[in-house]
Protein chains: 2
Amino acid sequence: MTKAAKPDAKARLPLTRKAVLDTALKIVDEAGLDALTIRAIARELGVYPNAVHWHVGSRTNLVGAVASRLFDEITLPDPRKHTWDEWLEVVARQWRDAMHQHPNIAMVAGTHLVTTTGAMPIVERILSVLLDAGFEDESLVDAYNAFVGFVLGWLTVELSREPENADRGWKDEFEEDLDQLDPNTFPALTSAMPRMRNAAFLTRWDSGRQQPMAGAFDAALTVLISGLRASVPKR
Amino acid sequence: MTKAAKPDAKARLPLTRKAVLDTALKIVDEAGLDALTIRAIARELGVYPNAVHWHVGSRTNLVGAVASRLFDEITLPDPRKHTWDEWLEVVARQWRDAMHQHPNIAMVAGTHLVTTTGAMPIVERILSVLLDAGFEDESLVDAYNAFVGFVLGWLTVELSREPENADRGWKDEFEEDLDQLDPNTFPALTSAMPRMRNAAFLTRWDSGRQQPMAGAFDAALTVLISGLRASVPKR
DNA sequence: ACCTGAACACCGTTCAAGT
DNA sequence: ACCTGAACACCGTTCAAGT
């Protein structure tokens with residue numbers, strides 16, 4: 001982050017919308033979602049706040065636009081080289097890779113309504129692969145929503161944000177609470193705790209950014225795909 | 001929302017932390033997540049901002065605390081009255097109901113790291129049911145993460161927030177874009193569009209608050225449970 | 001311990017005015 | 001159309017001081 005805006009910047013650039021979104025992505029990657037402010041972008045570009053406001057509209061709009069960009073970074077595998085269930089697995093992992101490259105903004109895609117046609121190529125691909133698998137009509141849309149909702153949702157939860165301004169020591173506090181659970185009232189949990197400490201949902205204190213859950217995602221994905229396989233309509 | 005704080009309020013109440021969280025939940029239910037500010041709570045309680053700040057700490061902390069409350073509203077079914085897979089389905093639907101009753105704060109549970117022991121009874125229940133089903137050791141934690149990540153994640157995406165300050169007309173704009181997709185480049189999507197318009201992920205413009213996706217959730221849940229059934233380790 | 005009262009730094013957004 | 005320059009209303013958070 002340049003501490004002072006380049007004074008000559010405004011003399012040259014016409015300040016396109018693309019430039020605004022570029023520096024927005026840069027800021028959110030480096031400093032987090034809370035740091036992604038209109039004024040921060042303006043500072044970085046050596047421009048008045050209203051200038052960036054003019055190009056991207058409200059801040060909510062800006063955040064959505066930056067999040068939409070991630071769909072461009074998902075490289076889809078060739079459907080002819082895989083069976084349909086294999087293909088879905090590969091896409092899911094590609095999706096995960098893309099989100100993990102921009103974790104601060106990626107989870108927004110799961111929380112904010114994204115209304116961009118930029119995602120339509122992916123939608124088309126998934127649908128056509130599901131069609132080949134034998135899904136049709138209602139079962140097609142159901143399978144689609146199951147897959148997309150699972151991938152987008154599970155990864156969003158994995159990348160949950162840690163409170164940026166939280167009280168220091170809340171992690172230690174929670175860890176301590178977990179260790180002091182009564183084995184009589186929580187027999188299953190306490191016996192599984194060695195495997196779940198900071199590694200399972202609701203019993204972890206680090207986000208997926210620091211503690212990736214790749215193995216857990218693969219396992220969950222396998223479960224879902226196997227369920228999809230069993231729900232292909234019989235012809 | 002009372003427009004003016006009761007002047008006698010501060011004379012009586014000692015202002016407990018519980019009271020702060022109560023009015024916080026009320027505000028977020030009525031006016032949305034952006035309206036949940038420390039100052040708004042202080043106004044409602046007829047108190048200085050620093051008073052509520054003293055009880056709940058930072059705003060991030062406050063939001064997390066309010067979100068954690070939802071776990072109390074999930075009423076768990078009796079495991080002895082269901083098979084393990086049935087039981088998981090019932091829990092998932094209960095979970096969905098609880099989240100839909102406080103949609104503005106519920107999705108925070110999927111986005112923010114929740115570190116509260118208040119969720120441990122649910123964790124314990126799920127684990128013990130999965131144990132009965134035959135999962136153990138690593139497969140137990142995998143099944144747990146698959147189920148919890150799916151439910152929490154899918155529902156978070158369903159309840160995605162609509163931008164509160166967005167430009168008017170962005171919905172119509174997106175709808176129009178969808179209708180103008182080229183059938184040659186998007187054959188599967190355009191032919192499935194009647195079923196997907198405003199009803200499927202990435203092709204909707206209303207949140208699950210206005211357009212609930214109960215049917216899609218049930219279908220996805222069935223897929224996941226069927227996948228779990230297939231992944232029970234053989235003894 | 002709990003809260004008042006006031007201040008500080010930082011926001012998004014909106015004007016009018018320039019070019 | 002695009003941006004300056006300034007202002008407005010609203011934040012979270014932090015002080016010192018009271019009780």
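Everything numeric here is computed off the predicted structure, so don't read it as measured data.
- Between B:N104 and B:R161, the side chains place no donor N or O within less than 3.5 Å of an acceptor N or O (distance only, hydrogens not considered).
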Might you list the N or O atoms of the protein lying below 3.5 Å from N or O atoms in nucleotides 15-17 of chain D, with each pair's distance?
| unit_1 | atom_1 | unit_2 | atom_2 | d |
| --- | --- | --- | --- | --- |
| D:dC15 | N4 | B:N50 | ND2 | 2.5 |

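- In this structure, B:R59 reaches the sugar-phosphate backbone alone: every heavy-atom distance under 4.0 Å involves primed, P, OP1 or OP2 atoms, never a base.
- The shortest distance between the side-chain N/O atoms of A:H55 and the OP1/OP2 oxygens of D:dC3 is below 4.0 Å.
- Between A:L178 and A:N198, the closest side-chain pair of non-hydrogen atoms is not below 4.5 Å.
- Residues A:I41 and A:L36 form a side-chain contact, since some pair of their non-hydrogen atoms from C-beta on lies under 4.5 Å apart.
- At the phosphate of C:dC2, neither OP1 nor OP2 sits under 4.0 Å from any side-chain N or O atom of B:R17.
- In this structure, the side chain of B:W154 engages the main chain of A:N145 through a donor-acceptor pair within 3.5 Å.
- Residues B:H53 and A:T16 both approach DNA chain D. Their nearest nucleotides, taken by heavy-atom distance, put A:T16 toward the 5′ side.
- In this structure, the nucleotide among D:dC11, C:dG12, D:dA1 sitting nearest to the side chain of A:R39 is C:dG12.
- Helical stems in DNA chain C, defined as runs of 3 or more consecutive Watson-Crick or G-U wobble pairs with both donor-acceptor distances under 3.5 Å, are listed by first residue as C:4-8 with D:12-16, C:12-16 with D:4-8.
- Between B:I38 atom CD1 and D:dT13 atom P the separation is 5 Å, expressed in whole Å.
- The neighbour count for B:R125 CZ, taken as heavy atoms of other residues, nucleotides or ligands under 6.0 Å away, does not exceed 12.
- Atom CD1 in B:I41 sits about 16 Å away from atom C1' in C:dC3, given to the nearest Å.
- When each of C:dC3, D:dC2, C:dT13 is scored by its nearest atom to the side-chain atoms of B:A51, the top-ranked nucleotide is C:dC3.
- OP1 and OP2 of C:dC3 both lie 4.0 Å or more from every side-chain N or O belonging to B:Y48.
- For the pair B:L181/A:E124, no side-chain contact is recorded, criterion being any heavy-atom separation below 4.5 Å from C-beta on.
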For this session: Assess whether salt bridge (Lys or Arg N to Asp or Glu O under 4.0 Å) is satisfied between A:E158 and A:R96, documenting all intermediate values.
Result: CA-CA 10 Å; A:E158 183 194 359; A:R96 182 168 182 276; 2.7 Å; yes

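- As rounded to whole Å, 18 Å separates atom C1' of C:dG12 from atom CH2 of A:W54.
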For this session: Please step through salt bridge (Lys or Arg N to Asp or Glu O under 4.0 Å) for the pair B:D142 and A:R195, ending with a clear verdict.
Result: CA-CA 10 Å; B:D142 281 342; A:R195 283 195 161 82; over 6 Å; no

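- Regarding A:L15, its CG atom lies at a distance of 5 Å from the P atom of D:dC3, rounded to whole Å.
- Judged by distance alone, the side chain of B:S160 and the main-chain N or O of A:G110 form a donor-acceptor pair under 3.5 Å.
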